[in-house]
Amino acid sequence: HRYCGTVSVLKRAFDLLASALGLVLLSPLLALIALLIRLTSPGPVFYRARRVGQGGCEFTLYKFRSMVVGTDRQGPGITAAGDPRITPVGRVLRRTKLDELPQLWNVLHGEISLVGPRALDTYELDQYDKKNLILSVKSGLTSLALVSGRHAMSFEERRKLDLYYVQNWSFWLDIVIITKTIRVVIERLFRRGAGFADLEPALTRARHREALTGAREALTRTAEQLGPGGESVLAAHHVQEAVRALDSLVGSVDVEEVLD
């Protein structure tokens, strides 16, 4: 097995250098993606998933959250186009593979490598007849399956590519896969239908929601400041009615239509 000894040290050194450099150079993009997720969908920026790594050790894999909070365990494990669980920003992230960028931290931390077999869940690992071979190396941020059209493949085809990578690994194979991964991401970023058109209405709704929330808070403070007199009580009542109306608008999915 060629994935050992001095070559393994070289692979780890390359992972450290590339992941550290990537996190620094891509920090503005990472911050922008995090901001867009926060503005357009309530919940955390990152999605954390438990995966099985080298030697059978479990670790936490990081991704940018691309689905509505609480829906990741509903329905099929593989999402389809138009899946309502996917957020507008998440749709862009998934199509361009940018949701995988936080895994650079996993690479830096030594839990995965830049290139390797796809990180597996426990139930997926059980479907590998050569699981010890897969677990002999680190999982990868990118993989041979990913640059070969992963979503168009069956699980069996992906498994064969993972096994081929482990059995035929070389440093130059990693370079080829990384180069192809960069090309795939760039092509998907500029491909028509990448999902950027979904961002504008999502950001508009976010701005409306923020404005409505601010108005609600202002009215709430006004109601608290009104005195206990008769006219003040009536005014406070009207203010509270307005607050309730704003509450319904803030929680409305069609807030833009309501405002129109």
Side-chain angles (χ1 to χ4, degrees), residues 2-3 7-37 45-47 49 51 53-54 61-66 78-79 81 86 89-120 137-153 157-158 160-166 168-199:
R2 286 178 280 176
Y3 196 116
V7 180
S8 180
V9 173
L10 176 63
K11 181 176 174 69
R12 177 59 186 148
F14 181 77
D15 284 345
L16 277 171
L17 179 61
S19 60
L21 189 61
L23 285 169
V24 172
L25 294 179
L26 296 174
S27 57
L29 176 61
L30 296 171
L32 176 61
I33 294 173
L35 179 62
L36 288 173
I37 293 173
V45 168
F46 298 108
Y47 170 71
R51 293 291 184 265
Q54 188 177 30
L61 186 78
Y62 295 95
K63 291 185 178 185
F64 279 122
R65 181 174 60 82
S66 59
I78 299 177
T79 55
I86 303 176
V89 173
R91 193 164 291 114
V92 175
L93 296 179
R94 281 171 173 252
R95 287 175 182 171
T96 58
K97 299 300 178 184
L98 293 178
D99 61 324
E100 313 275 359
L101 285 179
Q103 292 174 43
L104 285 170
W105 174 255
N106 290 113
V107 176
L108 185 66
H109 208 247
E111 294 160 328
I112 65 173
S113 179
L114 279 176
V115 184
R118 180 170 165 265
L120 298 173
V137 301
K138 291 180 181 178
S139 303
L141 189 158
T142 186
S143 66
L144 185 59
L146 188 146
V147 298
S148 302
R150 184 184 66 178
H151 288 295
M153 293 181 180
E157 289 173 318
R158 295 198 304 269
K160 287 180 179 179
L161 285 173
D162 283 343
L163 293 172
Y164 175 89
Y165 171 83
V166 176
N168 297 275
W169 179 85
S170 72
F171 186 73
W172 293 113
L173 178 58
D174 276 6
I175 297 299
V176 170
I177 293 174
I178 290 171
T179 303
K180 286 187 175 182
T181 300
I182 295 173
R183 188 185 69 187
V184 166
V185 171
I186 292 175
E187 287 177 350
R188 294 187 180 189
L189 272 172
F190 294 99
R191 180 184 298 171
R192 187 175 180 181
F196 290 106
D198 298 331
L199 293 182

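Hydrogens, waters and symmetry mates play no part in the numbers below; they use all other heavy atoms, side chains included. Since this is a predicted model, take the numbers as computed values, not measurements.
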Would you indicate whether the side-chain heavy atoms of [Y] and [X] approach each other to under 4.5 Å?
{"X": "Leu29", "Y": "Leu101", "value": "yes"}
{"X": "Leu173", "Y": "Ile177", "value": "yes"}
{"X": "Arg51", "Y": "Ser139", "value": "no"}
{"X": "Trp169", "Y": "Val115", "value": "no"}
{"X": "Leu23", "Y": "Leu30", "value": "yes"}
{"X": "Thr179", "Y": "Arg183", "value": "no"}
{"X": "Leu161", "Y": "Ser143", "value": "no"}
{"X": "Thr181", "Y": "Leu114", "value": "no"}

| task | Applying side chain to side chain contact (heavy atoms under 4.5 Å, CB included), run through Leu98 and Val92 and close with a yes or a no. | result | CA-CA 8 Å; Leu98 293 178; Val92 175; 5.7 Å; no

[X] side-chain N/O to [Y] backbone N/O, donor-acceptor pair under 3.5 Å:
{"X": "Asp99", "Y": "Gly90", "answer": "no"}
{"X": "Arg91", "Y": "Ile86", "answer": "yes"}
{"X": "Lys63", "Y": "Ala49", "answer": "no"}

Roughly how far apart are [X] [atom1] and [Y] [atom2], rounded to 0.5 Å?
{"X": "Ser170", "Y": "Ile175", "atom1": "OG", "atom2": "CD1", "value": "9.5 Å"}
{"X": "Leu108", "Y": "Asp15", "atom1": "CG", "atom2": "CG", "value": "10.0 Å"}
{"X": "Phe171", "Y": "Leu10", "atom1": "CZ", "atom2": "CG", "value": "5.0 Å"}
{"X": "Tyr165", "Y": "Asp174", "atom1": "OH", "atom2": "CG", "value": "3.5 Å"}
{"X": "Leu141", "Y": "Lys97", "atom1": "CG", "atom2": "NZ", "value": "11.0 Å"}

| query | Looking at the rings of Phe64 and Phe46, which for Trp means the six-membered one, are their centres under 6.0 Å apart? | reply |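 Centroid separation for Phe64 and Phe46: below 6.0 Å.
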
| Do Lys138 and Glu111 pass the side chain to side chain contact (heavy atoms under 4.5 Å, CB included) test, and can you show the C-alpha distance, the side-chain angles, and the key distance before you say yes or no? | CA-CA 7 Å; Lys138 291 180 181 178; Glu111 294 160 328; over 6 Å; no

| query | Yes or no on side chain to side chain contact (heavy atoms under 4.5 Å, CB included) for Asn106 and Leu61, after CA distance, side-chain angles and deciding distance? | reply | CA-CA 7 Å; Asn106 290 113; Leu61 186 78; 3.8 Å; yes

